[in-house]
Number of protein chains: 2
Amino acid sequence: MKLANYLNGQWLEGAGEGIPLFDPVTGEELVRVASDGLDLGAGLAFAREHGGAALRGMNYESRAALLGRIAEVLAANREAYFDISLRNSGSTAADAGFDVDGAIFTLKTYARSGKVLGAAKHLQEGGRVALAKTDVFQGQHFLTPLTGVAIFINAFNFPAWGLWEKAAPALLAGVPVLVKPATPTAWLTQRMVQDVVAAGILPPGAINIVCGSARDLLDHVGACDVVSFTGSADTALRIRTHPAVVANSLRVNIEADSVNSAILGPDATPGSAEFELAVKEIVRELTIKTGQKCTAIRRILVPAANARALADAVASKLAGMSVGNPRSEGVRVGPLVSRAQQAAAFEGLAKLRQDADVVFGGGEDFTPVDADPAVAAFFQPTLLLCDKGLAALYVHDVEVFGPVATVLPYADAAEAVAIARRGRGSLVASVYSGDTGFLAELVPAIADLHGRVMVVDGAVGNQHTGHGNVMPTCLHGGPGRAGGGEELGGLRALAMYHRRYVVQGGSGLLDALSAGAADAALLGA
Amino acid sequence: MKLANYLNGQWLEGAGEGIPLFDPVTGEELVRVASDGLDLGAGLAFAREHGGAALRGMNYESRAALLGRIAEVLAANREAYFDISLRNSGSTAADAGFDVDGAIFTLKTYARSGKVLGAAKHLQEGGRVALAKTDVFQGQHFLTPLTGVAIFINAFNFPAWGLWEKAAPALLAGVPVLVKPATPTAWLTQRMVQDVVAAGILPPGAINIVCGSARDLLDHVGACDVVSFTGSADTALRIRTHPAVVANSLRVNIEADSVNSAILGPDATPGSAEFELAVKEIVRELTIKTGQKCTAIRRILVPAANARALADAVASKLAGMSVGNPRSEGVRVGPLVSRAQQAAAFEGLAKLRQDADVVFGGGEDFTPVDADPAVAAFFQPTLLLCDKGLAALYVHDVEVFGPVATVLPYADAAEAVAIARRGRGSLVASVYSGDTGFLAELVPAIADLHGRVMVVDGAVGNQHTGHGNVMPTCLHGGPGRAGGGEELGGLRALAMYHRRYVVQGGSGLLDALSAGAADAALLGA
């Protein structure tokens with residue numbers, strides 16, 4: 001079966017044999033994708049002319065209502081999505097929920113928060129700017145929805161959430177969407193788009209999907225489009241330097257993986273609540289989605305005296321977790337998404353082992369439950385310990401995109417700061433400490449190289465939302481290595497899909513242009 | 001004389017012969033610049049470590065006070081700057097004032113507006129984000145000054161304003177500055193930096209200048225730096241695709257020239273106030289700084305019935321303006337900045353002439369006042385008329401960076417919109433009309449492809465601030481062809497020099513981190 005693409009308000013099958021998608025547990029071929037022969041330029045033009053115009057003809061509140069209806073359709077088809085996640089991504093129910101329920105939750109959040117913008121169709125930013133002695137000539141800043149297409153080039157690890165966390169703010173802003181999901185797991189994305197299209201929720205051209213190769217897609221971008229990419233630094237480079245992207249000064253949002261830190265404070269000693277909370281979160285981050293999250297913990301910074309104890313505690317929990325075919329009773333950790341990812345993970349681990357010793361895992365004698373290692377893409381959860389600190393050659397740069405993390409002992413807060421910063425820009429750091437002096441030194445010193453810092457102490461306990469969980473109301477993204485992008489953060493995300501401009505003129509004109517506008521301050525409120 | 005560079009808190013002369021700067025009227029060599037042999041990586045590191053730390057140690061209010069002192073120093077040396085402008089740029093007093101007084105005005109504006117941020121050292125954005133049922137775990141967004149360097153690669157046409165319009169918000173934000181002025185007119189920028197350094201206003205490393213080649217400067221950028229470039233699309237391409245820029249996900253702000261429009265409404269008929277205001281502004285835009293402004297009017301959209309009358313009215317004013325050596329009594333229009341710019345302008349004009357007829361100028365029999373055409377860089381103010389509309393091959397894309405504009409007759413508002421949008425992204429459009437129906441159709445339809453729209457009618461009269469004048473309180477920048485950048489706009493400009501992040505944690509921690517923060521909403525207020 002070849003999955004159809006949706007462009008020009010039509011389902012279109014790509015030409016040729018197509019690219020197969022596999023079950024990472026059994027190696028079975030599932031479906032194929034193909035984009036050959038599609039006129040992607042015409043698809044973008046249709047999205048702009050029809051989808052964009054129709055969406056902009058609605059107001060924020062009615063578009064928020066669309067998001068609510070999309071969430072309902074997805075919720076109604078949740079079981080089918082779990083089944084595709086299991087088959088195409090080898091997801092446990094928890095893994096599938098993380099992706100699918102995360103998508104639904106994000107849509108619902110924007111459906112609710114978008115209402116605050118009401119019946120407006122554009123935003124007014126700030127007050128009148130005085131430009132003459134009287135109000136005969138003044139300035140007024142506005143934000144207006146982009147008249148282009150929001151192009152999402154997405155990663156394989158979140159076929160559900162990865163689409164909707166971007167589409168929710170784009171559609172709410174009034175900008176049509178074209179998603180090019182990562183090929184290995186495109187099935188779930190395609191199925192969701194199919195269900196939403198079948199439900200007739202969105203106007204023609206408002207949502208579009210191309211599966212398989214992106215081909216010449218970027219050759220057809222214009223100055224009012226925006227590209228949002230999640231994935232590797234290599235692909236990010238190709239997008240950022242693409243001639244049409246550069247020539248059109250295209251807005252590009254990149255979210256790349258990063259070498260995120262978990263940092264235990266000096267008070268997080270064995271037996272303390274902070275120590276236990278750290279162990280629990282590290283184990284969760286190593287195993288949920290088999291460590292295939294851009295936000296996952298890769299480096300664990302521990303005061304030197306407690307490093308071995310922390311490593312042993314994590315290792316002991318990992319030892320109790322069953323890894324294998326998620327269809328088997330009791331299995332907690334599934335496979336990586338593909339044999340290619342498995343090979344890349346082994347390659348990365350070999351580098352880390354030059355800096356670090358294996359505390360648990362490493363996978364040499366590893367046999368997954370109820371799966372054939374010869375065809376399956378499993379990778380044993382692995383914990384390393386590196387005593388080289390900043391001198392390590394690979395640990396601060398190489399992200400093994402799987403269930404792998406490295407413990408790094410540190411001497412004092414200054415060294416913890418230096419190691420966290422050595423990640424050269426991360427999506428998130430989590431800190432396990434109630435030591436106010438330590439936190440006052442550490443948090444501001446790492447903040448400018450992180451998009452998010454989560455701090456957990458005994459008082460917070462289990463009520464935190466997780467190191468790796470991306471909350472729709474909080475900024476997601478990070479500088480440098482992490483790509484420099486900004487997503488979510490509540491209504492802040494709408495700014496990327498709007499254009500700011502200023503009109504200078506008389507007060508009558510400005511009053512007319514301001515009529516019915518919502519206050520842009522709501523985006524950052 | 002070789003102009004010294006300022007790096008590492010020291011004045012350093014570059015090695016070698018240097019690159020000469022000339023008087024565009026006489027051809028006389030004035031000074032030389034050289035950056036050979038400088039360790040630019042070390043200079044950036046010094047700026048980050050010393051300049052950045054010292055600036056961030058101050059609060060917004062005290063940094064605003066620094067800007068006021070800089071403005072005072074510049075005002076005290078104003079005559080010397082006018083002299084350098086005259087000699088190195090061939091500026092009339094009005095041209096020099098546009099640049100120099102514009103710089104001082106912008107600094108004073110930020111010195112005043114920055115006070116509102118008070119004694120804070122960082123910004124808190126929005127309220128607490130609920131993440132648990134109680135306040136035991138919440139989110140809070142912050143903006144913190146970047147810990148890198150603001151690198152300005154600047155254009156030749158605004159050696160004074162071009163530096164300070166960028167440095168004012170950067171320094172106010174707490175970010176040190178390194179400016180690489182365009183070589184042909186680097187003298188004025190260098191002299192201003194010299195005066196500010198001599199006055200001892202800024203901490204060591206807070207301001208830096210490299211004259212001549214940028215050499216390997218961009219090889220040394222890091223994730224917390226920002227590059228702001230003003231100039232050609234070619235150089236913009238090289239900056240955007242530079243390996244270190246891409247690898248560090250560097251924030252890049254580009255302001256490129258654009259093919260800006262002036263648009264006369266249907267009511268701007270000969271004899272009307274709007275018609276006269278348009279004629280006056282077009283003539284001013286053609287002649288001030290000899291048309292060498294990124295914001296200058298390049299295309300003049302006029303209802304077909306009035307196009308010839310408008311062209312004749314502009315031509316008649318141009319005929320009365322004396323062009324030549326600005327040292328001569330009565331001269332209103334000076335030379336272009338260099339023979340190279342003159343050659344480029346002739347080349348561009350040859351292209352426009354394939355689409356358009358010359359109404360005035362063209363320069364074939366042109367002799368400047370009191371200057372030798374064999375060595376001087378003059379270019380006669382030139383007006384063209386093109387009746388090809390959207391079918392023109394060059395008029396919508398080729399910017400002659402000099403005193404050249406083209407009249408384009410249009411049939412109706414829809415065609416005016418299409419022609420303005422055909423610029424593929426512009427810094428500014430000005431509209432001369434009091435016709436509310438026309439304005440209601442036109443302004444929103446062009447806004448998303450313009451950074452600024454100025455509307456002038458008889459009631460506004462001469463109280464407008466000008467098509468090409470960039471007000472520090474209003475956004476400057478434009479999408480697409482115009483580079484996609486955003487500058488100024490009051491305190492909005494500070495956002496580029498801050499990093500947004502979110503902290504998730506208990507309310508005690510968030511209270512501590514919020515202590516003393518200013519409200520980020522002030523940036524867009």
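Below, chain A is the first sequence line, B the second, and so on; all start at residue 1. Reckoned from all heavy atoms, side chains included, excluding hydrogens, waters and symmetry mates.
Residue E486(B) touches chain A through its side chain alone, counting heavy-atom pairs closer than 4.5 Å. With a 4.5 Å cut-off on non-hydrogen atoms, R56(B) does not touch chain A at all. For L475(B), the parts sitting under 4.5 Å from any heavy atom of chain A are the backbone and the side chain alike. L510(A) does not touch chain B: none of its heavy atoms, backbone or side chain, sits under 4.5 Å away. Looking at R452(B), both its backbone and its side chain come within 4.5 Å of chain A, counting heavy atoms on both sides. Contact annotation for C224(A): only side-chain heavy atoms (C-beta onward) come within less than 4.5 Å of a heavy atom of chain B. Contact of D448(A) with chain B is made through backbone and side chain together, with heavy-atom distances under 4.5 Å. Looking at V502(A), the atoms closer than 4.5 Å to chain B (heavy atoms on both sides) sit in the backbone and in the side chain alike. For L131(A), the parts sitting under 4.5 Å from any heavy atom of chain B are the backbone and the side chain alike. Proximity to chain B (any heavy atom under 4.5 Å) is restricted, for H450(A), to the backbone atoms N, CA, C and O. Of the atoms belonging to A512(A), not a single heavy atom falls under 4.5 Å from chain B. When heavy atoms are compared at a cutoff of 4.5 Å, M454(B) approaches chain A by way of both its backbone and its side chain. For T144(A), the part lying near chain B is the side chain, with the backbone staying farther off; criterion is any non-hydrogen pair under 4.5 Å. Of the atoms belonging to V443(B), it is side-chain heavy atoms, and not backbone ones, that fall under 4.5 Å from chain A. In this structure, the portion of V129(B) lying under 4.5 Å from any heavy atom of chain A is its side chain and not its backbone. For L513(B), the part lying under 4.5 angstrom from a heavy atom of chain A is the side chain only. Contacts of L509(A) with chain B are made by side-chain atoms alone, with heavy-atom separations under 4.5 Å and no backbone atom involved.
T295(B) places a side-chain N or O within 3.5 Å of a backbone atom of G468(B) that can act as its donor or acceptor partner. Judged by distance alone, with hydrogens and angles left aside, the side-chain atoms of D225(A) form a donor-acceptor pair with the main-chain N or O of G222(A) at under 3.5 Å. Remark: the backbone N or O of T109(B) is not paired with any side-chain donor or acceptor of R112(B) at under 3.5 angstrom. Side-chain atoms of R421(A) come within 3.5 Å of backbone N or O of A445(A) as a donor-acceptor pair. Without hydrogens or angle criteria, S258(A) side chain to L427(A) main chain gives a donor-acceptor distance under 3.5 Å. In terms of modelled atom types and a separation under 3.5 Å, the side chain of D519(B) and the main chain of L123(B) share no donor-acceptor contact.
Nearest heavy atoms, Q124(A) versus F142(A): CA-CD2, 4.0 Å.
Chosen from A233(B), G480(B), G489(B), the residue pairing most often with chain A at heavy-atom distances under 4.5 Å is G480(B). Chain A forms the most heavy-atom pairs under 4.5 Å with one residue out of Q463(B), R492(B), H464(B), and that residue is R492(B). Ranking M471(A), H141(A), E125(A) against chain B, the residue ahead of the rest is H141(A), based on heavy-atom pairs under 4.5 Å. Counting heavy-atom pairs under 4.5 Å between each of A247(A), G126(A), S249(A) and chain B puts S249(A) at the top. Counting heavy-atom pairs under 4.5 Å between each of G483(A), G505(A), A521(A), G148(A) and chain B puts G483(A) at the top. Between chain B and the residues G139(A), P479(A), G484(A), the largest count of heavy-atom pairs under 4.5 Å involves P479(A). Chain A forms the most heavy-atom pairs under 4.5 Å with one residue out of A132(B), A429(B), A447(B), and that residue is A447(B). The most heavy-atom pairs under 4.5 Å with chain B, out of L250(A), L237(A), T147(A), come from T147(A). Of the listed residues (Q140(A), K133(A), R500(A)), the greatest number of heavy-atom pairs within a distance under 4.5 Å of chain B belongs to R500(A).
No donor-acceptor contact under 3.5 angstrom links the side chains of D234(A) and S232(A), judged on distance only. Donor-acceptor pairing under 3.5 Å is lacking for the side chains of T235(A) and R240(A). For the residue pair H476(B) and E255(B), a side-chain donor N or O sits within less than 3.5 Å of a side-chain acceptor on the partner. Between the side chains of E274(A) and S433(A), no donor N or O sits under 3.5 Å from an acceptor N or O. A donor and an acceptor atom, one from each side chain of S514(B) and R128(B), are located under 3.5 Å apart.
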**OP:** In sequence, state the C-alpha distance, the side-chain angles, and the governing distance for Q138(B) and D135(B), and then conclude on side-chain contact (heavy atoms from CB on, under 4.5 Å).
**Re:** CA-CA 6 Å; Q138(B) 299 174 293; D135(B) 67 358; 3.6 Å; yes

**OP:** Let me see the working for L442(B) and V431(B) under side-chain contact (heavy atoms from CB on, under 4.5 Å), right down to the final yes or no.
**Re:** CA-CA 9 Å; L442(B) 180 94; V431(B) 188; 3.6 Å; yes

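Expressed to the nearest 0.5 Å, how far CZ of R481(B) lies from CZ of R422(B) amounts to 9.5 Å.
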